[in-house]
Amino acid sequence: MNDIRSYFGPGHGACPGCGFPIAVKITLETLEGKAFVVNSTGCLEIVSSMYGRNVWAVPYIHSLFENAGAVAGGIDAALKALGRKNEGHVVVFAGDGATADIGIGTLSGMFDRNHDVLYICYDNEAYQNTGNQQSGLTPPGASTTTTPVGDLLPGKMGRKKDMIGIAVAHGIPYVASASIAFPNDLRRKVKRAIEFEGAKYLHVHAPCVTGWGIDGKLTVEVARLAVETGLYPLVEYENGRLVRVMKLKKRKPVEEYLKIQRRFRHLFKHPLGEKIIKELQQIADENVKRYGLEDEG
Amino acid sequence: MRKVVRGFYAIAYAVKLSKPNVICAYPITPQTEIVENLAEMYANGELENCEYITAESEFGAASVVLGASATGARTFTATSSQGLLLMTEVLYNAAGMRLPIVLAIANRAVSAPLSIWNDHQDSISVRDAGIIQIYVENNQEAHDMIPFAFKVAENKNVLLPFMVCVDGFKLTHAYEAVDLLNQEDVDNFLPPYNPVVSLRIDKPVAMGCYAPPPTYMEFRVALEYAMERAKKVIEDESKEWYEITGRDWGAHIKAEYCEDAEVAVIAMGSIVGMIRDVVEEMRKEGMKVGLLKIRTYRPFPAEEIRKALTNVNKVIVIERSLSIGSEPPVTLDVKSALFGHSSQEIHSVVLGLGGRDVPRTQIIKIIKEVYEGKVKPGKRYEGLKEFEEVIP
Ligand SMILES: Cc1ncc(C[n+]2csc(CCOP(=O)(O)OP(=O)(O)O)c2C)c(N)n1
Ligand SMILES: [Mg+2]
């Protein structure tokens, strides 16, 4: 009775309560291990691919921080040229920094050429591998080591990049957001994604216990609150059209999400904190309107 | 088939005959025409089992061929100057991952100031990456070295990227009569790529692992060993090449008239042709001068150079690049090859940067001055105007 195979681990070195292993496991199980995994430099890579301690039971390649999109495109091209397309799917796991900042050029190129690649960004909202520096996907108000809280500044100023919008604008066939708090939804989206030929983008919210300053037991709870407040909407685009969203029955105020994380704690004391909290609430409200997250009436 | 073709076509045609599976590049002068020619062949269905990918940058292009090579594809890319500098991080990575990617470099100066013209500063700058570098003197050699590069790079005792360095414009855009290889000869010489490790679902491996201090060093030293083994492979394959084509390029160096030379000139690339001409003329006048063409800059043929210069008293190293803050790069390697073995006078002559014209008379002057003992050994610049420093 060996039908539940682990394609990732055991033995990976992620922190207890880390979010991304959930996304990786669900993806690989859904694909039944038929995946060529490309991984950017970052936490996932470091905890899984030390020489002699590889925990991947699928073909795996790590090249650089900022080129996973292009490497995946190369694998796709090679599989086509060699007549090996039926072997499996090309899947990228890349961090938010690798995706939205330093690697956005190679990602855009891969989208533009519409390689048959499922690109999964695991979003822990900062450069966690190097010790929690801000990325383009760090939300406003978050304290990171490069956007620290000071007398003047209340953590990160500026907004979180809209990667879903950026992906959709490339005209690729499938774009969706998911969260490790909703594993069934994530599983369904992976399944759906691979029904499309061409570039697929899946953005998965995955909390970081150390960077966010949360209790390891609360990872799923924190991720769920991000969705339930409207700060992190779960949406799905097929061929450029918004086809599904996860509706919010009883939307919660953003404070409920913020107050259980050390990275936001200062917002409740800092002179500019209230303004930032308002801004975050406004972002959530905008998401609700833009994606129709609440049932009307 | 002998045909008058331009350099970029000679290269592109040789790439086609080498049956690559993935070609990916990004335009940059003077490389562009190489990939344009390949794109045309692709559009006409002349490239079988091949994907031609247009990248969003040279960084992306190098990464695409990296991924493809890791999957077991034979891969080709080409670039120049800024494009090569942008690829650099990927190229170090590809070498470390032991991927036999073949690159054509249309050698061009680096910015600032911007220049599209030829020298060797671009490829020289990646000399430490673990990539084999060969410098060719004409388009026949450029054409021949493409299948040759695949054969050497893919050898199980080597597995390193291979760079064929071709002087931008001077060769890439020059018309030259080239004996174009035929498919049968190339097929006989170059078997299909059979990777030692590659990404496969049925045999999963992890490539590009990270190595902590107890394991890192061995990987890097292994690159050095592979480069060392490449020497013998290059020698063997050069012999085979000669048997198939009748063209003897030498392997690592080609020494001419050096046995009894008082002065020997060391050079790489297209300038070799003119120097040979001058040397032969001087020989006719009774001057004991020789020519030493370096073909493989990496692996550097220290022993071969040492041997070739045994009877030579004075050495002129023609430099088409700089190592700013130290001596010019080829000079450094030549000196280290000779150090402790012999004590020739070494003249390091930097010239022709950014495509500055090198007239024949300049070469004659350089050799004569050394021959007649009119200049002291050391570094100097030829063709340099008097100038005031300005910030470009
Ligand atoms: C070119 C380059 N710049 C910087 C780094 C250092 N670096 C390695 S991982 C990393 C952050 C990764 O962040 P992200 O992609 O969000 O992944 P995470 O570690 O958070 O999972 C940085 C800055 C690098 N490896 N390469
Ligand atoms: Mg991150």
Side-chain angles (χ1 to χ4, degrees), chain A residues 7 31-39 41 45-84 86-90 92 103-113 115 117, chain B residues 19-24 26 47-57 59-75 77 86-87 89-90 92-94 96-97 99 101 192-193 197-212 214-216 218-219:
Chain A
Y7 300 106
L31 301 177
E32 295 172 341
K34 300 247 182 306
F36 295 88
V37 169
V38 183
N39 188 193
T41 310
E45 172 255 334
I46 288 295
V47 304
S48 67
S49 72
M50 184 168 107
Y51 178 66
R53 295 236 192 115
N54 163 43
V55 304
W56 297 84
V58 291
Y60 169 93
I61 184 168
H62 158 253
S63 171
L64 299 171
F65 186 17
E66 68 277 35
N67 69 352
V71 171
I75 295 175
D76 173 53
L79 293 175
K80 273 191 192 127
L82 299 170
R84 290 171 48 197
N86 57 354
E87 266 187 41
H89 306 277
V90 184
V92 176
I104 199 161
T106 57
L107 175 64
S108 178
M110 189 275 278
F111 283 169
D112 181 42
R113 297 186 295 270
H115 284 289
V117 168
Chain B
K19 298 185 172 168
N21 302 116
V22 176
I23 298 169
C24 184
Y26 191 83
L47 295 165
E48 270 174 56
N49 304 320
C50 179
E51 293 287 313
Y52 176 95
I53 311 281
T54 53
E56 73 289 343
S57 70
F59 180 84
S63 302
V64 165
V65 292
L66 183 151
S69 183
T71 313
R74 177 172 287 162
T75 57
T77 186
L86 188 58
M87 278 187 183
E89 190 192 8
V90 186
Y92 269 77
N93 194 245
M97 288 168 81
L99 299 172
I101 296 162
Y193 176 38
V197 243
S198 67
L199 301 170
R200 317 187 54 89
I201 298 287
D202 56 1
K203 257 203 209 152
V205 290
M207 301 178 77
C209 292
Y210 91 90
T215 51
Y216 179 86
E218 284 72 16
F219 285 108

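Chain A is the first sequence line, chain B the second, and so forth, proteins listed ahead of strands; every chain is numbered from 1. From a predicted model like this one, the values you see are computed outputs, not experimental measurements.
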Which one wins on heavy-atom pair count under 4.5 Å against chain B: [options]?
options	value
Asp112(A), Val90(A), Asp76(A), Ile46(A)	Ile46(A)
Ala78(A), Gly69(A), Ala70(A), Gly33(A)	Ala70(A)
Glu87(A), Met110(A), Lys34(A), His115(A)	Glu87(A)

Discussion item. Could you tell me if Asn67(A) and Ser63(A) have a donor-acceptor pair between their side chains, going purely by distance under 3.5 Å?
Written reply: yes
When you measure from the side chain of [X] to the backbone of [Y], do you find a donor-acceptor pair of N or O atoms at a distance under 3.5 Å?
X	Y	result
Ser49(A)	Glu45(A)	yes
Thr106(A)	Gly103(A)	yes
Tyr7(A)	Glu32(A)	yes
Asn21(B)	Cys50(B)	no
Thr41(A)	Phe65(A)	yes

[X], part contacting chain A, at a heavy-atom distance under 4.5 Å:
X	answer
Phe219(B)	side chain
Thr215(B)	side chain
Glu89(B)	both
Asn49(B)	both
Val22(B)	side chain

Can you tell me which portion of [X] sits under 4.5 Å from chain B's heavy atoms? Options are side chain, backbone, both or neither.
X	answer
Arg84(A)	side chain
Asn54(A)	side chain
Ala35(A)	backbone
Leu82(A)	side chain

Worksheet item: Got Tyr60(A) and Cys209(B) here, is their nearest side-chain heavy-atom distance under 4.5 Å?
Response: no
Item to complete: Apply side-chain contact (heavy atoms from CB on, under 4.5 Å) to the pair Leu64(A) and Phe59(B), showing each step before the final yes or no.
Response: CA-CA 11 Å; Leu64(A) 299 171; Phe59(B) 180 84; 4.0 Å; yes
